[in-house]
Amino acid sequence: MRLGLALGYWGRGPDPRHLELTREAERLGYHSVWTAESWGSDAFTPLTWLAAHTSRIALGTAVAQMAARTPTATAMQALTLDHLSGGRMMLGLGLSGPQVVEGWYGRPFPKSPLTATREYVEVIRQVLAREAPVRLDGRYHAHPYAGPDATGLGKPLKPIVHPLRAGLPVLLGAEGPKNIAQTVRIADGWLPLYWSPSRTELYREALADARDGFMVAPMAQVRVCADVAEGLRPVKAMLGFYIGGMGHAARNFHADLMGRFGYEAEARRVQELFLAGRRAEAIDAVPDAFADEISLVGPRERIAERLELWREGPVTDLLAVAPDAETLRVLAELAG
């Protein structure tokens, strides 16, 4: 099981620790570093900055939002950064949800998310392969565009730049069972938002047909600390925001996922409190047990014991959300 460093997206502004943590992760032998985006900082610009200050560590987006760019624009950014970094790029994509797609990007959320995702990946594959001009008779990502307002002058094109790697890895953030099954068929890896090493049976059927080399790369908050309850507070804060605020009360993929983990009533309660403006109570309502099973928190000995559970399942890459260099060092020692 390889280690990665997940930096996420910025809050109010750039986090001055990110470059230092990335350099330390590279020094410790971490395989990868990952950036994200929501409705603030983008995923590719910080990743390019990190690429310029490192030499070996692989570079991934976890995730870049599909609604933010056309698939050809995403492919252009990925192949450009792959060249500039000497072949270190991994492209992680996510569809996001209606709240972000329609509220932030001002685009309709697809009525068939699986089709939209499949077409998006297909266009990117064609760009990276550069075997012929991009053509797709698609519902969401037709190339050339042939909608009712088209001029009829669109011309199939292939990239001027020769991609460094036709096989640049494409990973997908997927939560629902059908989405995960499709990810196994069309992508090079899966980026689970939450992962419980004690509930791998939830994904056994979907992952049964995964080919050799398929990446399963979940994120987990990692924190070396004496007080487990205190160490879980940032995990609960994250869960409270995602389950309560990242979606509509009637359609929240994160809350649905928590329900599949066996915490449906608790997820709905977190939603109710968060949407009522009672955010502190929403965070408190996140069960410690749920926060604990998807993270690695506590004294070194406890993390070492729980890390063995992660090794036993299908996880190929553990992407650590770590607050400091000491936590990165401890995790590297335990994983080594």
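In this structure, the ring of Trp190 has its center no less than 6.0 angstrom from the ring center of Phe214. Taking the centre of each ring, Trp39 and Tyr105 stay at or above the 6.0 Å mark.
A salt bridge is absent between Asp284 and Arg278; no separation between the charged side-chain nitrogens and carboxylate oxygens falls under 4.0 Å. Between Arg185 and Asp209, no side-chain nitrogen of the basic residue sits less than 4.0 Å from a carboxylate oxygen of the acidic one, so the salt-bridge criterion is not met. Classification of Arg165 and Asp82 as a salt-bridged pair holds, one side-chain N sitting under 4.0 Å from a carboxylate O. The pair Glu24-Arg17 does not meet the salt-bridge criterion, since no charged nitrogen lies less than 4.0 angstrom from a carboxylate oxygen.
Counting heavy atoms from C-beta outward, Lys236 and Asp288 have side chains that approach closer than 4.5 Å.
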Side chain to side chain contact (heavy atoms under 4.5 Å, CB included) between Phe109 and Ser96, worked out
CA-CA 9 Å; Phe109 188 78; Ser96 193; 5.9 Å; no
Any chance you could lay out the side chain to side chain contact (heavy atoms under 4.5 Å, CB included) test for Leu171 and Leu91, step after step, and finish with the verdict?
CA-CA 6 Å; Leu171 300 89; Leu91 180 60; over 6 Å; no
Go through it in stages, so that I can follow the logic: the residues are Ile294 and Leu239, the test is side chain to side chain contact (heavy atoms under 4.5 Å, CB included), and I'd like the CA-CA distance, side-chain angles, deciding distance and then a yes or no.
CA-CA 10 Å; Ile294 65 169; Leu239 289 169; 3.9 Å; yes
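A perpendicular orientation is assigned to the rings of His141 and Tyr120, their planes being inclined by more than 60° (bins at 30° and 60°).
For Met76, the CE atom is loosely surrounded, since the number of other residues' heavy atoms within 6.0 Å does not exceed 12. More than 12 heavy-atom neighbours from other residues, nucleotides or ligands sit within 6.0 angstrom of CD on Glu333. A 6.0 Å sphere centred on CD of Glu131 holds no more than 12 heavy atoms belonging to other residues, nucleotides or ligands. Applying the 6.0 Å contact sphere to CG of Asp212 captures no more than 12 heavy atoms from other residues, nucleotides or ligands. More than 12 heavy atoms of other residues, nucleotides or ligands sit less than 6.0 Å from atom CH2 of Trp310. The environment of Glu102 atom CD is dense: over 12 non-hydrogen atoms of other residues, nucleotides or ligands sit within 6.0 angstrom.
No side-chain N or O of Gln221 forms a donor-acceptor pair with one of Ser295 less than 3.5 Å apart. Under the 3.5 Å distance criterion, with hydrogens and angles disregarded, no donor-acceptor pair is assigned to the side chains of His53 and Arg23.
Paired with Asp292 under the rule salt bridge (charged side-chain N to carboxylate O under 4.0 Å, His left out), one option of Arg233, Arg302, Arg223 passes, and it is Arg302.
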